[in-house]
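These notes are about the structure you will find just below.
Note that this is a predicted model, so its numbers are computed, not measured. No hydrogens, no waters, no symmetry mates; every other heavy atom, side chains included, goes into these values.
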Amino acid sequence: MQPEEAVRQLEYAIDASLDETGQRTAAGYRPTFERVAERADGSAVYALAGELADAVVGGDRPTPAEANATAERVLDDWAYTDGGA
């Protein structure tokens, strides 16, 4: 999965709504997805998108900082299971 595709999928999950500061929530995740794509592969981007989408479906709207923390967890898991071989 490419970073821009992941952002687009989250925009659909969030219903492209505006947050309290008037910013598109999912668009704020783009740098996080790009960083994950640079350090890992599409499966890690997909895993991050899945975790963030699960949070959204659960009624949460992770901030970009929370998305970064989730990305670090995903990257750690990826390095341990996929990328560390």
Side-chain angles (χ1 to χ4, degrees):
M1 178 178 282
Q2 297 297 315
E4 51 279 344
E5 182 182 344
V7 169
R8 189 170 38 255
Q9 292 300 317
L10 278 176
E11 285 174 341
Y12 295 142
I14 298 170
D15 195 26
S17 61
L18 298 176
D19 67 12
E20 61 277 352
T21 62
Q23 299 294 315
R24 299 268 182 213
T25 304
Y29 303 146
R30 183 178 314 273
T32 302
F33 283 116
E34 290 171 349
R35 183 170 45 83
V36 170
E38 288 172 5
R39 292 177 51 192
D41 64 12
S43 65
V45 174
Y46 185 80
L48 175 59
E51 288 202 27
L52 294 176
D54 287 347
V56 169
V57 169
D60 194 16
R61 296 271 171 89
T63 65
E66 291 168 332
N68 282 330
T70 301
E72 288 304 317
R73 252 189 342 272
V74 166
L75 286 169
D76 287 346
D77 290 346
W78 180 84
Y80 181 73
T81 59
D82 297 328

**Message:** I want to check something: taking the side chain as every heavy atom from C-beta on, are Glu5 and Val45 in contact at a cut-off of under 4.5 Å?
**Reply:** no

Across all chains, not counting sequence neighbours, the salt bridge (charged side-chain N to carboxylate O under 4.0 Å, His left out) partners of Arg30 are none

To the nearest 0.5 Å, atom CZ of Arg39 lies from atom CD of Glu72 at 4.5 Å

In short, Val74 meets Ala44 closest at the heavy-atom pair CG1-O, 3.4 Å

To the nearest 0.5 Å, atom CG of Asn68 lies from atom OG1 of Thr63 at 8.0 Å

Is the side chain of Tyr29 donor-acceptor paired with the backbone N or O of Ala49 at a distance under 3.5 Å, no angle test? no

Answer yes or no: is there a side-chain heavy-atom contact under 4.5 Å between Leu52 and Phe33?
yes

Smallest heavy-atom separation, Ala67 atom then Thr32 atom, equals O-CG2, 3.7 Å

